[in-house]
Structures are given as structure tokens and as C-alpha cells.
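One structure is given below, encoded as C-alpha cells.
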Amino acid sequence: MSISEKIKEINGQLLPPAKLVAVSKFHPAEAIMEAYNAGQRLFGESREPELISKFNALPKDIEWHFIGHLQTNKVKMIVPFVKLIHSVDSVRLLAEINKQAGKLGRMVDCLMELHVAKEESKYGFTIDEAEDLFCSGALAGYANVRVRGLMAMATNSEDMDLVRSEFHAVSSLFNRLKEKYNIDTLSMGMTADWKVAVEEGSTLIRIGSYIFGERNY
Ligand SMILES: *Cc1c(COP(=O)(O)O)cnc(C)c1O
């Protein structure tokens, strides 16, 4: 299947409010344009310079989402045009996004990244830390950041019961927080596990390799 057929196939399976973020990292502008011409407008990138060069080269109605580990010293580069930062994994990063957004007089939408997977290498807050952060009222102190919800990656495993239990823990927290706070976005699911993520209530699905093929790092 072509890129545009895959975009249509996935979007045809998502019910509102769920949306697809096409993860275009390491893929060229031509591949993005093929997805764009099939109607796709949300794209995810994980490296700052790549996001900037693609932003400059491609249509301005694309929403660029930053999904990778964001270094504090690179926040300034992407804050002018990023639509949503999925991967806020520390309070220090949140503070820096707030500072840079404040300098530009803009609001930046963010998600708090949770660490629920078994791998040591994944970044993020624990469920308890994230809950404390909301409940302490600390987020109100960041006037130029709007925390819209949560993001998580499941363990890279074929054990779909494990994957489901991890997504379920995150969506339970999301639903608890949603009763008290104004949040609406739950970013979960990639090529290997997005159908499980959708069943567990994900509203943003981040799919890369299924759409664009393998990445050449
Ligand atoms: C690369 C990446 C994806 C996409 O992964 P695929 O398995 O290629 O669909 C999703 N989320 C994050 C955070 C990523 O870094």
C-alpha cells in the first residue's frame, strides 16, 4: 500500500476525538507531502533541527508535534512553531518551555510524559509524580504552558496483555484527572500497539513506520 492509502486506512478506523499524528522523523519532505495530499495535517518529529527545516520547507497549515526527548537547551529553537510538545518529562523542562513561551508571548500546549514501560531507557514521570504535579496546583504557576493531558509509551513487547495493562494505568489516571482539570488529550499508541491504545481511550495515535516504512538512522 502507498503512503496515502495507509493514511486513509488509519484515519478511517479512528473515531472522533481520536486523531492520527503521522510520525515523519527521518523521512523526507516528499513522503510528508504524499501524506499531506491524502489529507493528513498532524505530523510528529523527534529532533529539533529536523522539525525546523521541515517547518520551513512545508505547507504552513501543518501542525508540528514534538514527540521525542527534548533537551532543555533546544526548547528555544522549537517553541516558536511547535503545536504540541508530547514529551514533557521533567519539571525543569516544563519551566524552560514556560520561560521561552513567555518571551514570545505565546501559550504552548504540552503533555506530561509518563514512564510506565519496563525499559529503563524511557523518560517520564511515574503515575504518582504526575498525579501530584496536577494536584499540588504547581502547574498553575506556568502561565505560558497549557498542560492538555498525558503521553506514554508501552513496553516494546509482543505481550499485548502487558501493553494493555500499561495503557490502562495511564488512561485511568487520565480519566481521574479529567474529572477535576481541564484536559482533553491522551497520546498513546505506535505502529505495534495502536489498536490496543485506541481501545484504552487514546486520542492521539503516533504512527511512523507503518505509514512511511523503516527509518534509516
Ligand atoms: C518514533 C516514535 C513513534 C513512532 O513509532 P513507530 O513504531 O514507527 O510507529 C511514536 N512515538 C514516539 C515517541 C516515537 O519516538
Side-chain angles (χ1 to χ4, degrees), residues 1-11 13-14 18-28 31-32 34-35 38 40-52 54 62-71 74-75 78 82-90 93-94 97 109-125 130 148-160 162-164 166-167 170-171 174 185-217:
M1 262 199 284
S2 65
I3 290 174
S4 69
E5 284 166 331
K6 284 176 177 165
I7 292 288
K8 286 175 188 157
E9 182 203 9
I10 299 164
N11 280 305
Q13 291 183 45
L14 297 177
K19 283 190 184 176
L20 169 65
V21 177
V23 176
S24 48
K25 64 190 186 194
F26 295 91
H27 292 287
I32 297 177
E34 190 178 341
Q40 183 63 30
R41 291 294 180 273
L42 280 55
F43 290 89
E45 290 286 335
S46 63
R47 296 184 306 179
E48 303 84 352
E50 189 175 346
L51 189 152
I52 291 168
K54 287 175 174 172
I62 289 179
E63 281 188 13
W64 292 102
H65 290 214
F66 195 86
I67 62 170
H69 176 60
L70 177 56
Q71 288 172 273
K74 297 203 173 133
V75 168
I78 67 160
V82 73
K83 173 73 182 175
L84 177 67
I85 299 174
H86 290 228
S87 44
V88 176
D89 54 15
S90 71
L93 179 58
L94 191 69
I97 296 167
D109 285 348
C110 292
L111 305 177
M112 310 300 299
E113 179 172 353
L114 296 189
H115 179 135
V116 289
K118 301 270 179 268
E119 292 99 353
E120 289 289 332
S121 61
K122 302 222 160 103
Y123 294 94
F125 297 94
R148 300 285 299 260
L150 307 174
M151 181 274 228
M153 276 190 272
T155 302
N156 183 6
S157 163
E158 279 167 21
D159 178 354
M160 283 299 140
L162 173 66
V163 167
R164 185 181 297 278
E166 292 171 350
F167 285 151
V170 178
S171 70
F174 179 71
T185 306
L186 181 57
S187 168
M188 304 193 303
M190 334 198 323
T191 292
D193 55 21
W194 71 273
K195 292 190 180 174
V196 177
V198 168
E199 285 165 10
E200 293 299 327
S202 177
T203 69
L204 278 185
I205 328 297
R206 312 176 310 266
I207 302 183
S209 39
Y210 177 69
I211 299 168
F212 296 109
E214 293 304 311
R215 290 178 283 271
N216 292 317
Y217 293 103

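Start at 1 and go down the list; that is how both ligands and their atoms are numbered. If you read the sequence from its start, that first residue is 1, and numbering goes on from there. The structure presented is a predicted model; accordingly, all values stated were derived computationally and were not measured.
- Atom OH of Y210 has more than 12 neighbouring heavy atoms from other residues, nucleotides or ligands inside a 6.0 Å radius.
- Nearest protein heavy-atom neighbour of atom 11 (N) of ligand 1: R206 NE, 2.8 Å.
- Atom numbering of ligand 1 starts at 1 in the shown order; those under 4.0 Å from a heavy atom of G208 are 4 (C), 6 (P), 8 (O), 9 (O).
- Taking the centre and axis of the six-membered ring of F26, the NZ or CZ atom of R47 falls inside the cone set by 45° and 6.0 Å.
- The one candidate from L111, L204, V170 that meets the side chain to side chain contact (heavy atoms under 4.5 Å, CB included) condition with L186 is V170.
- Between the CE atom of M160 and the CG atom of D193 there is a distance of 5.5 Å, given to the nearest 0.5 Å.
- Proximity to T191 (heavy-atom distance under 4.0 Å) selects the following atoms of ligand 1: 6 (P), 7 (O), 8 (O), 9 (O).
- Shortest contact from atom 13 (C) of ligand 1 to any protein heavy atom: I67 O, 3.4 Å.
- Protein heavy atom at the shortest distance from atom 5 (O) of ligand 1 is M190 CE, 3.6 Å.
- For ligand 1, the atoms closer than 4.0 angstrom to any heavy atom of I207 are 9 (O).
- With a 4.0 Å heavy-atom cut-off, ligand 1 is reached by the backbone of S209 and by its side chain too.
- Neither the backbone nor the side chain of H86 has any atom closer than 4.0 Å to an atom of ligand 1 (non-hydrogen atoms only).
- A salt bridge is defined here as a Lys NZ or Arg NE, NH1 or NH2 lying under 4.0 Å from an Asp or Glu carboxylate O, and K54 with E50 meets this definition.
- Partners of H27 by side-chain hydrogen bond (donor to acceptor under 3.5 Å, both in side chains), not counting sequence neighbours: none found.
- Per-residue contacts place K25 under 4.0 angstrom from the following atoms of ligand 1 (heavy atoms of the residue considered): 1 (C), 2 (C), 3 (C), 14 (C), 15 (O).
- The shortest side-chain heavy-atom distance between H86 and E113 does not fall under the 4.5 Å cut-off.
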